[in-house]
Student: 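The following block contains the structure, expressed as structure tokens.
Sequential numbering from 1 along the given sequence is applied to the chain's residues. Both backbone and side-chain heavy atoms feed into the values below; hydrogens, waters and symmetry mates do not.
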Amino acid sequence: MTDRPADSLHRDELRDIAENLRRQMQAELDEGVATYGKNPYSLREHISVLWKNRYLFPYTVPPGWPLLFAEFERVWKRRKAGEEVKMRLGAFSVLRIIFQNPLVLCYYIPILGWIPLLIKGYRNNKL
């Protein structure tokens with residue numbers, strides 16, 4: 001929204017940029033409502049998309065998202081600078097992901113699974 005570095009912008013300029021961004025986002029929301037109306041979700045379309053991507057089954061539904069995020073994080077950390085993230089996912093990748101990152105199983109254990117996740121998350125942080 002500007003060519004200048006953020007440090008050199010004054011409060012009024014930042015307020016104007018924020019207001020312009022709000023107007024742009026509101027216009028896009030209004031356009032979406034005009035296009036899709038009051039019924040933006042189509043169950044039939046959703047099921048057809050899930051069927052087309054059935055080879056990615058566990059990762060396309062919320063219970064599979066911890067596996068997907070864990071694999072993305074692993075690939076992200078191993079990539080070289082500037083390299084594109086390429087993930088190999090398939091129906092049997094679940095076992096590979098769990099074997100390489102067993103902590104992902106904690107996401108599926110209610111309440112008690114939070115303890116190891118909290119320990120990992122706050123290990124190097126100073127509160």
Student: Is it the case that Arg79 places NZ or CZ above or below the six-membered ring of Trp76, under 6.0 angstrom from the centre and within 45 degrees of the axis?
Tutor: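 Verdict for Trp76: a cation-pi partner in Arg79.
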Student: Looking at side-chain heavy atoms only, is the closest gap between Phe99 and Val94 below 4.5 Å?
Tutor: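 With C-beta onward as the side chain, the pair stays apart.
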Student: How long is the span from the CG atom in Leu117 to the CG atom in Leu105, to the nearest 0.5 Å?
Tutor: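 Between atom CG of Leu117 and atom CG of Leu105 there are 10.5 Å.
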Student: For Arg88, does the CZ atom have more than 12 heavy-atom neighbours from other residues, nucleotides or ligands under 6.0 Å away?
Tutor: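 Counting neighbours around CZ of Arg88, 12 or fewer heavy atoms of other residues, nucleotides or ligands fall under 6.0 Å, so no.
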Student: Before giving the answer on side-chain hydrogen bond (donor to acceptor under 3.5 Å, both in side chains), spell out for Gln26 and Asp30 the whole-Å C-alpha distance, their side-chain angles and the decisive distance to 0.1 Å.
Tutor: CA-CA 6 Å; Gln26 187 61 50; Asp30 293 341; 3.0 Å; yes
Student: Could you tell me which non-hydrogen atom of Glu13 sits nearest to which non-hydrogen atom of Leu9, and how far apart they are?
Tutor: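 Shortest heavy-atom separation between Glu13 and Leu9 comes out as OE1-CA, 3.4 Å.
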Student: Assess whether a salt bridge exists between Arg15 and Glu19, defined as any Lys/Arg side-chain N lying under 4.0 Å from an Asp/Glu carboxylate O.
Tutor: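 A salt bridge is absent here (no side-chain N lies under 4.0 Å from a carboxylate O).
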Student: Are Ile97 and Leu89 packed together at the side-chain level, in the sense that at least one heavy-atom pair is separated by less than 4.5 angstrom?
Tutor: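 They are in contact (side-chain heavy atoms under 4.5 Å apart), so the answer is yes.
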Student: Are Arg96 and Glu71 within salt-bridge range, i.e. N to O under 4.0 Å?
Tutor: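 Result for this pair is yes, salt bridge flagged.
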Student: Check for a donor-acceptor pair, side chain of Glu73 on one end and backbone N or O of Ala70 on the other, with a separation under 3.5 Å.
Tutor: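 No, Glu73 side chain to Ala70 backbone: no donor-acceptor pair under 3.5 Å.
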Student: Give a yes or no on whether the backbone of Tyr41 and the side-chain of Tyr36 come within a donor-acceptor separation of less than 3.5 Å.
Tutor: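 Here the side-chain-to-backbone pair does not exist.
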Student: Ignoring hydrogens, what is the shortest heavy-atom contact between Tyr59 and Gly64? Give both atom names and the distance.
Tutor: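 Closest approach of Tyr59 to Gly64: CD2-O, 4.1 Å.
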Student: Out of Arg54, His46, Lys52, which residue meets the side-chain contact (heavy atoms from CB on, under 4.5 Å) rule with Leu50?
Tutor: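 Among Arg54, His46, Lys52, the one that satisfies the side-chain contact (heavy atoms from CB on, under 4.5 Å) with Leu50 is His46.
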